[in-house]
Amino acid sequence: MPRYDASKSEPFWQDAWARAGTFVARRNDDKPKYYVLEMFPYPSGALHIGHVRNYSMGDVIARYKLATGHAVLHPMGWDAFGLPAENAAQERHVHPGEWTYGNIAAMKSQFARLGLSLDWSREFATCDPDYYGQQQAMFIDFLEKGLVYRKNAVVNWDPVDMTVLANEQVEDGRGWRSGALVERRELTQWFFKISDYSEELLSALDRLDNWPDKVKTMQANWIGRSRGLQFRFGLKGAPEGFDDLPVYTTRPDTMRGPTFAAIAPEHPLARKLAAENPEIAAFCEECRRGGTSEEALETAEKLGFDTGLKALHPADPDWELPLYIANFVLMDYGTGAVIGCPAHDQRDLDFARKYDLPVIDVFEPVEGPARAPDRAFVPPKTETVRYVCWFGDAGIVQTCQQAMDTTLALFEEKGWGEARTQYRLRDWGLSRQRYWGCPIPVVHCDACGVVPEKKENLPVRLPEDVNFDIPGNPLDRHPTWRDVPCPACGAAAKRETDTMDTFVDSSWYYARFTSPAAQGPTDAAEAAYWMNVDQYIGGVEHAILHLLYARFFARAMQACGHLPETAIEPFDALFTQGMVTHEIYQTAAPDGRTEYHLPQDVEIRDGVATLKADGRPVTVIPSAKMSKSKKNVVDPLEIIDLYGADTARWFVLSDSPPERDVEWTAAGAEAASKHLARVWRIAEAAREAPETGKGDEELLREMHKAIHDVTMGIESFGFNTSVARLYAFASALSKSRAGRRAQVEAARVMAQLMSPMTPHLSEEIWHLLGGEGLIADARWPVADPAMLVEDEVTLPIQINGKRRDEITVPKDLPKDEVEARALASQAVQKALDGGSPKKVIVVPGRIVNVVV
RNA sequence: GCGGGCGUGAUGGAAUGGUAGACAUACCAGACUUAAAAUCUGUUGGGGCAUGGCCCCGUGUGGGUUCGAGUCCCACCGCCCGCACCA
């Protein structure tokens with residue numbers, strides 16, 4: 001018998017699908033449409049095993065939907081702008097575009113080997129001028145709709161390289177190349193008004209029934225709606241023009257507990273004071289050290305400076321609180337000023353301890369021990385506590401929410417403040433001081449101000465003649481690209497040299513796939529037909545930002561007429577697959593920076609890791625998310641070379657549940673390969689089975705159960721259980737002595753059930769067993785319900801919740817009859833010892849529990 | 001620091017609140033073979049005993065709800081992800 005040869009078979013079937021156009025998406029009004037999309041990859045140049053897992057999952061869905069009679073759209077493209085291309089340009093002196101398109105070509109050929117059911121005719125890269133030109137057109141539309149504006153915002157500034165750094169380029173508060181201490185610096189930047197949609201983006205989450213709850217929870221927390229109290233502190237000793245200080249608090253119930261007030265170092269009052277007082281100026285300077293990430297700000301040591309000013313409590317002008325400037329107060333949140341209530345906020349308590357400020361308990365637990373001295377008491381708002389010091393009766397027991405409502409009402413009545421709903425969500429800063437991104441299509445004119453480029457001049461193309469020998473944005477110093485006439489008045493003007501955040505590129509690519517060659521951003525008819533994405537698949541690391549930005553963009557596009565109203569929630573169903581993790585290999589470079597190494601460059605022998613190149617010892621960091629920057633990526637092409645794509649696909653879909661992380665190990669790929677070889681042998685044996693045999697009925701029953709279970713597995717993203725079921729079915733078929741007809745039917749169904757996972761092998765078996773046409777076009781098998789039910793069922797018998805015996809009864813046996821038989825069982829008789837049971841629970845078809 | 005999640009044999013994992021460990025990997029034993037590979041079959045959570053059978057324990061730790069908890073609730077421990085300029 002010839003053995004199955006993946007290296008010959010796989011290219012053959014890939015070619016057959018391409019010639020037949022099997023996966024070209026076609027509008028067909030006789031069929032339901034299905035749009036399945038996996039988050040498109042960044043073209044790093046190398047396919048990694050995480051891609052294989054992600055795209056194999058999407059492919060299972062796409063092929064399954066094709067087989068169940070849908071018009072399927074399953075496209076692929078490239079998220080091609082971004083920082084790595086500029087890093088490569090710096091390190092290797094290649095142009096980012098050349099590097100990126102080279103990577104795309106390499107990765108496309110790697111993708112081809114996986115045999116994915118992709119419609120490559122719709123391919124595009126976000127760095128294609130055609131794509132980013134449409135994006136520029138939309139930017140101008142958004143500008144006209146008031147959805148884009150400019151304001152100042154802080155960036156990480158490297159004072160040695162004189163350049164802006166991404167958060168990723170800041171390590172322990174220092175620039176990753178220069179090692180210099182990073183500073184915060186303010187620049188005028190472009191923003192999308194995503195905050196206009198805070199309420200809408202929050203409330204619409206309720207309609208996303210097929211999104212994971214954890215993603216919806218994370219988005220809701222990120223948007224962070226709170227209802228709180230807006231009030232003003234009077235100020236004593238403040239400079240001219242600062243009569244009072246607006247403050248927002250989410251805990252009005254603690255308004256009798258504050259012992260200090262604090263403002264951000266960037267607060268206008270702080271700036272005013274700094275201008276007059278060198279000590280304050282020095283402190284504010286000190287606060288500007290370190291990165292801009294929230295994590296960096298929140299974990300930094302709490303620093304405060306007593307301004308000597310007094311904040312006067314709105315409810316009692318004689319109540320004076322010291323006013324501090326503090327580094328943990330964020331200018332972006334609320335009003336840039338906070339009220340410090342140490343007893344009920346851990347940060348405030350830490351601050352109070354450090355600066356020796358009093359602590360006033362507003363409420364205490366109803367029962368149990370009182371608050372520990374260095375532990376703030378912060379119960380959920382729904383918890384019942386005893387209020388001992390607030391604007392109501394002392395000693396009253398109520399929930400925090402009740403106290404907050406009462407206090408808000410009181411403050412409004414007395415005119416001390418007012419209730420206000422606030423969102424944590426900030427506007428989306430899209431400016432990047434970098435070359436390899438979509439140019440922002442505006443011109444700065446001394447006479448006309450900010451003028452959008454004329455749409456007929458789009459795309460504003462990136463200039464080719466740039467170099468990266470000097471840190472910073474080459475567009476800033478480009479001699480001719482930057483200097484242009486004003487589109488409005490024709491006078492000499494300058495182009496905006498900032499480019500767009502790459503999140504912009506990935507916020508609408510799903511819409512572009514519906515008509516990738518449209519003259520505008522989208523084509524109305526195509527978008528109406530294919531949108532929404534029926535199943536979106538991607539990593540959980542995108543749970544907040546990418547998905548929130550895409551949801552915002554769909555709304556903004558709808559407002560500008562680029563998407564139908566029905567598509568403002570662009571992803572009907574979301575699945576977040578787990579990450580593939582791997583150990584990280586690192587060494588210290590001579591200048592102290594950390595260098596990362598690819599697994600293929602590292603040799604591990606007797607538990608000691610060294611570099612293959614020069615034998616230097618390598619530090620092994622435990623498994624973490626695979627990332628280009630950490631270089632802990634694995635080359636799946638080696639598996640494909642060795643065993644074929646079907647084995648790689650089968651392997652990544654086996655064992656681990658799709659939503660969970662999986663650590664890559666080389667072991668197991670061989671086992672997957674062995675199983676596929678076995679499946680081939682089973683199919684051949686079925687063809688050669690004797691005309692008649694015994695057990696036809698059992699085999700076909702087993703087949704229908706397999707159809708049912710595998711289908712359920714695919715429908716519910718339980719690919720690992722579908723695979724396990726297919727192992728069991730293969731075993732059953734291999735042991736069966738059934739006649740040829742039954743065996744061939746079972747083997748063909750097995751091939752069909754496997755075809756979403758192992759399409760090439762399945763085509764081969766289909767062909768071998770006389771299937772008509774391509775298995776990719778064949779209708780998915782349907783389980784016969786009559787073949788699924790058993791005549792008899794075995795019930796475990798529990799005594800006091802512990803399994804003690806079992807009985808086998810006809811499946812329809814009445815409940816009281818089941819109970820009688822259970823009570824008659826030996827174990828129950830023994831346990832009862834002549835007595836009678838206290839209680840008997842019979843769960844039909846499941847279990848019997850006897851309480852004695 | 002804040003937000004979200006995860007924790008089951010030697011390993012990956014299965015289990016609508018209903019027989020914990022399906023299906024694999026690994027290990028061990030057997031068949032086939034001169035031998036090896038390949039293939040096929042079987043055993044394997046821990047402990048105990050009167051060992052062709054029975055008992056006890058067991059899903060990170062400690063409590064709770066329930067006839068019944070891996071699953072639900074509370075607290076704790078550990079690990080992972082995100083935190084707005086990585087994509």
Side-chain angles (χ1 to χ4, degrees), chain A residues 39 41-42 44 79 81-84 153 155-156 164-170 189 194 212-215 217-222 224 291-300 302 328 332 346-347 350 424-434 501-503 505-506 539-546 548-549 578-579 581 622-625 627-629 654-657 659-663 665 667-668 670-672 674-675 677-678 681 718 720-721 723-728 731 734 794-806 838-841 843 845-851:
Chain A
M39 291 178 186
Y42 178 81
S44 60
D79 188 14
F81 274 134
L83 209 45
V155 293
N156 300 304
V164 176
L165 297 178
N167 282 341
E168 196 196 40
Q169 298 171 312
V170 178
Q189 307 196 58
I194 189 172
D213 286 338
K214 64 173 176 182
V215 173
T217 304
M218 281 190 269
Q219 293 223 345
N221 288 337
W222 186 262
T292 59
S293 76
E294 188 175 334
E295 186 192 3
L297 297 172
E298 291 280 328
T299 53
K302 313 269 174 293
F328 64 88
D332 286 336
Q346 190 61 45
R347 277 187 318 190
D350 295 343
R424 200 185 78 100
L425 181 65
R426 309 201 295 259
D427 278 333
W428 170 13
L430 66 115
S431 295
R432 297 292 180 271
Q433 296 71 39
R434 277 187 261 288
D501 179 7
T502 56
F503 270 122
D505 313 333
S506 55
V540 70
E541 69 272 23
H542 295 293
I544 297 177
L545 290 179
H546 162 62
L548 194 64
Y549 292 157
M579 286 176 296
T581 63
S623 236
K625 164 189 173 183
S627 83
K628 295 168 288 292
S629 59
S654 305
D655 290 346
S656 275
E659 68 277 12
R660 212 184 287 184
D661 287 356
V662 60
E663 176 166 13
T665 93
E670 194 180 335
K674 278 182 190 175
H675 179 70
R678 180 171 182 238
R681 284 195 304 274
N720 56 326
T721 57
V723 166
R725 195 62 188 76
L726 283 162
Y727 269 107
S731 270
S734 117
T794 300
L795 297 180
I797 296 173
Q798 292 184 336
I799 296 169
N800 293 336
K802 285 188 192 294
R803 183 182 174 282
R804 284 290 182 267
D805 204 347
E806 62 182 34
K838 279 187 192 151
K839 195 171 179 181
V840 181
I841 292 110
V843 183
R846 275 293 184 188
I847 205 166
V848 180
N849 190 12
V850 181
V851 185

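Every chain is numbered from 1, with letters handed out A, B, ... down the list of sequences. Hydrogens, waters and symmetry mates are skipped; everything else that's a heavy atom, side chains included, is used.
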Using a 4.0 Å heavy-atom cut-off across all strands, classify A:Pro41 as base, sugar-phosphate, or nothing. nothing
Heavy atoms under 4.0 Å, any strand shown: does A:His542 hit a base, just sugar-phosphate, or nothing? base
With sugar-phosphate meaning primed atoms plus P, OP1 and OP2, does A:Arg678 contact a base, only sugar-phosphate, or nothing at under 4.0 Å between heavy atoms? sugar-phosphate
Would you kindly check whether a donor in the side chain of A:Arg434 faces an acceptor in the base of B:C85, or vice versa, at under 3.5 angstrom? yes
Using only heavy-atom distances, decide whether a donor-acceptor pair under 3.5 angstrom links the side-chain of A:Gln433 to the base of B:C85. yes
Minimum-distance nucleotide to A:Pro84 side chain [options: B:A15, B:G7, B:A87]: B:A87
Using a 90° cut-off around 0 for syn, call B:G64 syn or anti. anti
Scan A:Asp79 against the nucleic acid and name what it touches under 4.0 Å (heavy atoms): base, sugar-phosphate only, or nothing. sugar-phosphate
Integer angstrom distance from the P of B:U59 to that of B:U19: 16 Å
Across all strands, who's sitting opposite B:C76 as a Watson-Crick or G-U wobble pair, both distances under 3.5 Å? B:G60
Of B:C86, B:U19, B:G3, the nucleotide closest to the side chain of A:Met218 is B:G3
Students often get this wrong, so: under 4.0 angstrom with heavy atoms, is A:Ser431 touching a base, only sugar-phosphate, or nothing? base
Base, sugar-phosphate or nothing for A:Lys674? Non-hydrogen atoms, less than 4.0 Å. sugar-phosphate
Look at all strands and tell whether A:Gly429 reaches a base, only sugar-phosphate, or nothing, counting heavy atoms closer than 4.0 Å. sugar-phosphate
Heavy-atom donor-acceptor pair, A:Asn221 side-chain to B:G3 base, under 3.5 Å: no
Does a side-chain heavy-atom distance below 4.5 Å link A:Ile797 with A:Arg804? no
Interatomic distance, A:Ile544 CD1 vs B:A87 P [rounded to whole Å]: 17 Å
Using a heavy-atom cut-off of under 4.0 Å over every strand shown, decide if A:Val851 touches base, sugar-phosphate, or nothing. sugar-phosphate
Any donor-acceptor pair under 3.5 Å joining the side chain of A:Asn167 to the base of B:C85? no
Nearest-nucleotide comparison on RNA chain B, the residue closer to the 5′ end among A:Asp213 and A:Ser654: A:Asp213
Determine: side-chain N/O of A:Asn720 to OP1/OP2 of B:C23, distance under 4.0 Å, yes or no. no
Distance between P atoms of B:A38 and B:G53 (Å, rounded): 35 Å
Side-chain contact check for A:Thr502: nearest option of B:G18, B:A24, B:A87 is B:A87
Once you apply a heavy-atom cut-off of 4.0 Å, does A:Phe328 come out as touching a base, just sugar-phosphate, or nothing? nothing
Which nucleotide in the list B:A84, B:G18, B:C81 gets nearest to the side chain of A:Ile841? B:G18
Need one value for A:Asn800: base, sugar-phosphate or nothing, where a base atom within 4.0 Å counts as base even if backbone is also close, heavy atoms only. nothing
So, under a plain 3.5 Å distance rule, would you say the side chain of A:Gln189 forms a donor-acceptor pair with the base of B:C85? yes
Which of B:C86, B:C23, B:C67 is nearest the side chain of A:Asn849? It is B:C67
What's the CG-P distance between A:Leu548 and B:G3, to the nearest Å? 18 Å
Need one value for A:Arg804: base, sugar-phosphate or nothing, where a base atom within 4.0 Å counts as base even if backbone is also close, heavy atoms only. sugar-phosphate
In whole angstrom, give me the gap between the P atoms of B:C80 and B:A75. 23 Å
Regarding A:Ala671, tell me which of base, sugar-phosphate or nothing describes its non-hydrogen contacts under 4.0 Å with the strands shown. sugar-phosphate
Counting the atoms with a prime plus P, OP1 and OP2 as sugar-phosphate, which does A:Leu83 contact under 4.0 Å by heavy atoms, base, sugar-phosphate, or nothing? sugar-phosphate
Could you pick out which residue, A:Leu425 or A:Lys802, lies toward the 5' side of RNA chain B when each is mapped onto its nearest nucleotide? A:Lys802
Looking only at the side chain of A:Ser656 (C-beta and beyond, no hydrogens), which of the listed nucleotides B:C67, B:A87, B:G12 gets closest? B:G12
Describe the nucleic acid contact of A:Ser293 in one word from base, sugar-phosphate, nothing, applying a heavy-atom distance below 4.0 Å. sugar-phosphate
Using the side-chain heavy atoms of A:Glu298, tell me which of these nucleotides is nearest: B:G1, B:C86, B:U16. B:G1
If you measure from the C1' atom in B:U16 to the same atom in B:A87, how many Å do you get, rounded? 38 Å
